There are 2 protein chains.
Amino acid sequence: MDDHEQTVLDDLRAHGYKVTQARRAVIRALTGSVRPLSVNELHAQAQRMNPAIGLVTIYRTVELLTHLDLIRPVHLMDNCHGYAVASPGHTHHLVCKKCHRAVEFDGCDLGLFLEQVARETGYRITGHWLELEGICARCQAADGSAPQP
Amino acid sequence: MDDHEQTVLDDLRAHGYKVTQARRAVIRALTGSVRPLSVNELHAQAQRMNPAIGLVTIYRTVELLTHLDLIRPVHLMDNCHGYAVASPGHTHHLVCKKCHRAVEFDGCDLGLFLEQVARETGYRITGHWLELEGICARCQAADGSAPQP
DNA sequence: CTCCAATTGAGAAGGTTTTTCAATTACCCG
DNA sequence: CGGGTAATTGAAAAACCTTCTCAATTGGAG
Ligand SMILES: [Zn+2]
Ligand SMILES: [Zn+2]
Ligand SMILES: [Zn+2]
Ligand SMILES: [Zn+2]
């Protein structure tokens, strides 16, 4: 068992959760993988350790581990569920947490940052996906009240 | 009909696609909305213009318009479909386009950039989501051949 | 070991997205 | 302005994906 796996298991126990076969399997699959794994891939891996493990349990395990911030969701640039009109050129969206009002902004200035990441990782960076979350002016003004439509 | 709507319609025609009721409805809904709309919301809007418009057509329309880069998907921070082990603290992922190998990196230095966006938009920015896409060292080396597992 | 709450699997229910195919529609042409 | 025609569509069904419910199982404290 690798170090990271042990750490995560200890964390689980520290929060009062049981260490079960399914949780072990999911954590092992993720600590052993160099890429993000989908719920289905995790299920397949888990079943190699114990074919009785059900898909439902993987969903529950992933939810728990995400909630404890022991694993993180990684957005893979598809399966998005909202759409907005595209302005010409390269833009990003800033979405209001309360009312979901979105603004598009351009002039993204990530050049230096990206160069540094490329140097550190050895990757050639071909694209980026940046989205910001915040509170829009109207919702800040409205404060405690209901979200503005 | 607003300007942006007309532009998008012209673009559609320019690419040799027909301008149909359903496409008009989707484009009008999006140009008229201050926030990203889901497929279902688009369907509801479209049906207000013509109750005969089916959900399937909305799917097809959204796919087409996205492909033409006339609209853009906006990731709303849920419904992600891959997971990765979390390192402590705030990190981001850089995913290889070819083999999906992912690396995590920290030290994200967006402070100044975020301040500027906040000034320009009036939003108070509470969170960000940044993911990078690239080609990993192994896949660069392998070049034309099959993706590395 | 024993016991008990936490956890699980199975199955069904509820959603979402894709496929198929005949009917309809937008638009080119005369 | 009408036809002719290929693109587009709606409906229904199939294929998926995610959540719920509940009885059976299991991990770990004592
Ligand atoms: Zn708001
Ligand atoms: Zn950018
Ligand atoms: Zn690669
Ligand atoms: Zn960051």
Side-chain angles (χ1 to χ4, degrees), chain A residues 1 5-6 8-29 36-68 70-71 73 75-83, chain B residues 1 5-6 8-29 36-68 70-71 73 75-83:
Chain A
M1 160 157 30
E5 184 178 341
Q6 188 57 61
V8 176
L9 294 181
D10 290 346
D11 244 311
L12 257 192
R13 269 188 276 257
H15 285 272
Y17 294 99
K18 293 185 178 177
V19 170
T20 65
Q21 285 196 50
R23 290 172 183 172
R24 236 181 243 284
V26 167
I27 293 164
R28 177 161 306 174
L37 299 175
S38 68
V39 171
N40 276 306
E41 288 168 321
L42 287 171
H43 185 216
Q45 285 298 313
Q47 290 208 316
R48 297 186 34 162
M49 301 183 56
N50 176 352
I53 294 175
L55 179 57
V56 186
T57 299
I58 306 297
Y59 276 102
R60 292 189 275 229
T61 301
V62 158
E63 187 190 3
L64 172 65
L65 296 177
T66 302
H67 188 255
L68 294 177
L70 296 175
I71 66 177
H75 176 61
L76 299 175
M77 313 225 177
D78 34 22
N79 289 101
C80 291
H81 295 272
Y83 295 88
Chain B
M1 160 162 25
E5 184 178 340
Q6 189 56 63
V8 175
L9 294 181
D10 291 345
D11 243 312
L12 257 191
R13 268 188 276 257
H15 284 272
Y17 295 99
K18 294 184 179 177
V19 170
T20 65
Q21 285 196 52
R23 289 172 183 171
R24 236 181 243 284
V26 166
I27 292 165
R28 177 161 306 176
L37 299 175
S38 67
V39 171
N40 277 306
E41 289 169 320
L42 287 171
H43 185 213
Q45 286 298 314
Q47 290 208 316
R48 298 185 31 158
M49 301 183 57
N50 176 352
I53 293 175
L55 179 57
V56 187
T57 300
I58 306 297
Y59 276 101
R60 292 189 275 228
T61 302
V62 158
E63 187 190 2
L64 172 65
L65 296 177
T66 303
H67 188 254
L68 295 176
L70 296 175
I71 66 177
H75 175 60
L76 298 175
M77 312 228 176
D78 33 21
N79 289 100
C80 292
H81 295 271
Y83 295 88

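Nothing here was measured: the structure is a model prediction, and the numbers come from that model. Below, chain A is the first sequence line, B the second, and so on; all start at residue 1.
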Quick one: which of [options] gets closest to the side chain of [X]?
X	options	value
A/K18	D/dA11, D/dC17, C/dT7	C/dT7
B/V19	D/dC17, C/dT16, C/dC27	C/dC27
B/Y17	D/dG10, D/dC20, D/dT8	D/dT8

For atom [atom1] of [X] and atom [atom2] of [N], their distance in whole Å:
X	N	atom1	atom2	result
B/H43	D/dT9	NE2	P	12 Å
A/E63	C/dT8	CD	P	12 Å
A/L12	C/dA6	CG	P	15 Å
B/Q21	D/dT9	CD	P	10 Å
A/R13	C/dT7	CZ	C1'	16 Å
A/L55	C/dA10	CG	P	11 Å
A/L64	C/dA6	CG	P	13 Å
A/N50	C/dT7	CG	P	17 Å

Regarding B/R60, tell me which of base, sugar-phosphate or nothing describes its non-hydrogen contacts under 4.0 Å with the strands shown.
base
Could you pick out which residue, A/T61 or A/V56, lies toward the 5' side of DNA chain C when each is mapped onto its nearest nucleotide?
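That would be A/T61.
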Is there a donor-acceptor contact under 3.5 Å linking the side chains of A/E63 and A/H67?
no
So A/D11 and A/L68, side chain to side chain contact (heavy atoms under 4.5 Å, CB included) or not? Walk me through it.
CA-CA 9 Å; A/D11 244 311; A/L68 294 177; over 6 Å; no
For the pair A/L12 and A/L65, evaluate side chain to side chain contact (heavy atoms under 4.5 Å, CB included) and give the outcome as yes or no after the intermediate values.
CA-CA 8 Å; A/L12 257 192; A/L65 296 177; 4.2 Å; yes
Is the phosphate of C/dT8 approached by A/T20 (side-chain N or O, under 4.0 Å from OP1 or OP2)?
yes
Among B/L9, B/N50, B/T61, the one residue meeting side-chain contact (heavy atoms from CB on, under 4.5 Å) with B/R24
B/L9
Is atom CD of A/Q21 surrounded by more than 12 heavy atoms (other residues, nucleotides or ligands) closer than 6.0 Å?
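Result for CD/A/Q21: open.
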